[in-house]
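Structure, as structure tokens:
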Amino acid sequence: MERAEVTLHPRCPAVPPRPVSVDERARRRYPGTRRTHAVWELIPNYIRNLKKWAVHKADTVIEGGEGDYFTGMLLKHSRVKLLESEIVIYPTTQMTRNLLVAKVSFKGQELWLMTSHFESCKENGEERMEQLRLVMKRMREAPDNVNVLFGGDTNLRDTEVAKVGLPSGVLDVWERLGKQEQCRYTWDTKVNTNKHIPQICRFRFDRVYLRPATREGVPHQTPDHMALVGLQKLDCGLGDRQVEVGAG
């Protein structure tokens, strides 16, 4: 079966536009790849450049907001067809966070793609857990003929996930693939020194969840691989993480 792939990209902080060299590296990386879609945390200056590039590549950019900082998706026309998209507001967020949902057709089958940037900072654990509950509810309630894939910067701690729990049928891709140590930490100041943090901080903030279709006779997606990519240091030193997941 042909695989669907998702890439979670480093965040783009609220700073002036990135140097041209970063855009050039992005253009060199993605042409000709087999990725179904990519997700970003974006700022207005960056989204303008991304849209120009996407038009040239005949791809679709979906924005998760209109403010200074928001999530987005880039869908490859050669791989998926966008059916509809939706922004789900978190009712108690203090940081204008939301859930971005894209319903697409992949190889003739409906696939729901979700991304979000959960509430930041240690003290906002209760809000993060509420956001996780909402995401899990949406995944669980999707039609049984639809594969649902969520990937994003959740800022979740393991203790918070344990308190909420995952519903039956929803799996943590990293755990399902054997908890590979090389993919455990997606925010790791021991490896990534871009933020110049003196102490060692290692967290699995970026998580990928999959709820396969269950209807009889409908193809269901299963995790195939997971890897941390984009580990080379950029000239501007802004990126702090990147995850790639494949399913087939």
Side-chain angles (χ1 to χ4, degrees), residues 1-10 12 26-42 46-47 49-65 70-88 98-117 135 138-154 169-171 173 176-177 206-215 217-227 229-230 242-248:
M1 179 184 295
E2 190 173 2
R3 295 184 302 179
E5 295 190 355
V6 53
T7 301
L8 313 181
H9 287 265
C12 304
R27 281 193 287 270
R28 287 199 300 268
R29 175 172 175 77
Y30 293 103
T33 64
R34 293 168 56 80
R35 284 168 185 78
T36 303
H37 74 297
V39 298
W40 271 275
E41 294 168 26
L42 299 164
Y46 194 75
I47 193 70
N49 292 333
L50 183 61
K51 282 182 175 179
K52 292 178 182 177
W53 177 65
V55 168
H56 176 68
K57 294 296 180 181
D59 291 338
T60 299
V61 177
I62 305 174
E63 299 171 56
F70 48 88
T71 60
M73 292 189 193
L74 176 66
L75 304 178
K76 294 185 68 64
H77 284 185
S78 61
R79 302 276 285 157
V80 297
K81 177 183 178 182
L82 177 64
L83 303 176
E84 61 178 301
S85 63
E86 176 186 11
I87 296 176
V88 181
N98 57 43
L99 172 65
L100 178 60
V101 182
K103 300 177 181 180
V104 305
S105 174
F106 172 66
K107 304 299 291 183
Q109 182 183 2
E110 189 168 352
L111 169 69
W112 289 12
L113 305 171
M114 299 180 175
T115 190
S116 182
H117 182 200
V135 170
R138 294 294 297 244
M139 295 185 75
R140 186 182 67 248
E141 293 179 350
D144 63 1
N145 65 318
V146 174
N147 291 286
V148 185
L149 182 65
F150 169 91
D153 176 5
T154 68
V170 176
L171 56 92
V173 170
R176 178 57 63 93
L177 292 175
D206 304 83
R207 300 185 182 229
V208 180
Y209 297 116
L210 174 66
R211 198 226 64 179
T214 58
R215 184 179 299 181
V218 174
H220 64 276
Q221 295 287 333
T222 57
D224 178 83
H225 74 275
M226 182 173 185
V229 298
Q242 189 166 350
V243 183
E244 181 178 79
V245 176

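Here the structure is a predicted model, which means the values were calculated and not measured.
Taking the side chain as every heavy atom from C-beta outward, Val135 and Leu99 approach each other to under 4.5 Å. You'll find the side chain of Pro223 stays beyond 4.5 Å of the side chain of Val208, heavy atoms only.
A distance of 4.5 Å separates CE in Met73 from CG in Leu100, rounded to the nearest 0.5 Å. Put simply, NE2 on His220 and CZ on Arg215 are 15.0 Å apart, with the number rounded to the nearest 0.5 Å. Distance check, rounded to the nearest 0.5 Å: CH2 of Trp112 to CG of Leu83 gives 10.5 Å. Ile62 contributes atom CD1, which lies 10.5 Å from atom CD of Glu84 (distance to the nearest 0.5 angstrom). With rounding to the nearest 0.5 angstrom, the OG1 atom of Thr115 is 6.0 Å from the CZ atom of Phe150. The structure places OG1 of Thr60 at 11.0 Å from NZ of Lys76, a figure rounded to the nearest 0.5 Å.
Of the possible polar contacts, one joining the Ser116 side chain to the Asn98 backbone as a donor-acceptor pair under 3.5 Å is found. Judged by distance alone, with hydrogens and angles left aside, the side-chain atoms of Arg211 form a donor-acceptor pair with the main-chain N or O of Met139 at under 3.5 Å. In this structure, Asn147 contributes its side chain and Leu111 its backbone to no donor-acceptor pair below 3.5 Å. Within the 3.5 Å criterion, the main-chain N or O of Val218 finds no donor-acceptor partner in the side chain of Gln109.
One finds a salt bridge joining Lys51 and Glu63 here, because a Lys/Arg side-chain nitrogen approaches an Asp/Glu carboxylate oxygen to under 4.0 Å. Looking at Lys81 and Glu110, no side-chain N of the basic residue comes within less than 4.0 Å of a carboxylate O on the acidic one, giving no salt bridge.
Residues Pro219 and Ala213 come closest through the heavy atom pair O-CB, 4.1 Å. Pairing each heavy atom of Gly169 with each of Pro212, the nearest pair is O-CD, 3.4 Å. Closest heavy-atom contact between Gly65 and Ile87: N-CD1, 4.2 Å.
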From CA spacing to verdict: side chain to side chain contact (heavy atoms under 4.5 Å, CB included), Lys103, Met114: CA-CA 9 Å; Lys103 300 177 181 180; Met114 299 180 175; over 6 Å; no
Check against side chain to side chain donor-acceptor pair (under 3.5 Å), His77 and Asp59: CA-CA 5 Å; His77 284 185; Asp59 291 338; 5.4 Å; no
Chi angles and distances behind the side chain to side chain contact (heavy atoms under 4.5 Å, CB included) call for Leu113, Leu75: CA-CA 10 Å; Leu113 305 171; Leu75 304 178; 3.9 Å; yes
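The side-chain contact (heavy atoms from CB on, under 4.5 Å) test applied to Thr214 returns Asp144, not counting sequence neighbours.
Residue Arg176 places its CZ atom among 12 or fewer non-hydrogen atoms of other residues, nucleotides or ligands, all under 6.0 Å distant.
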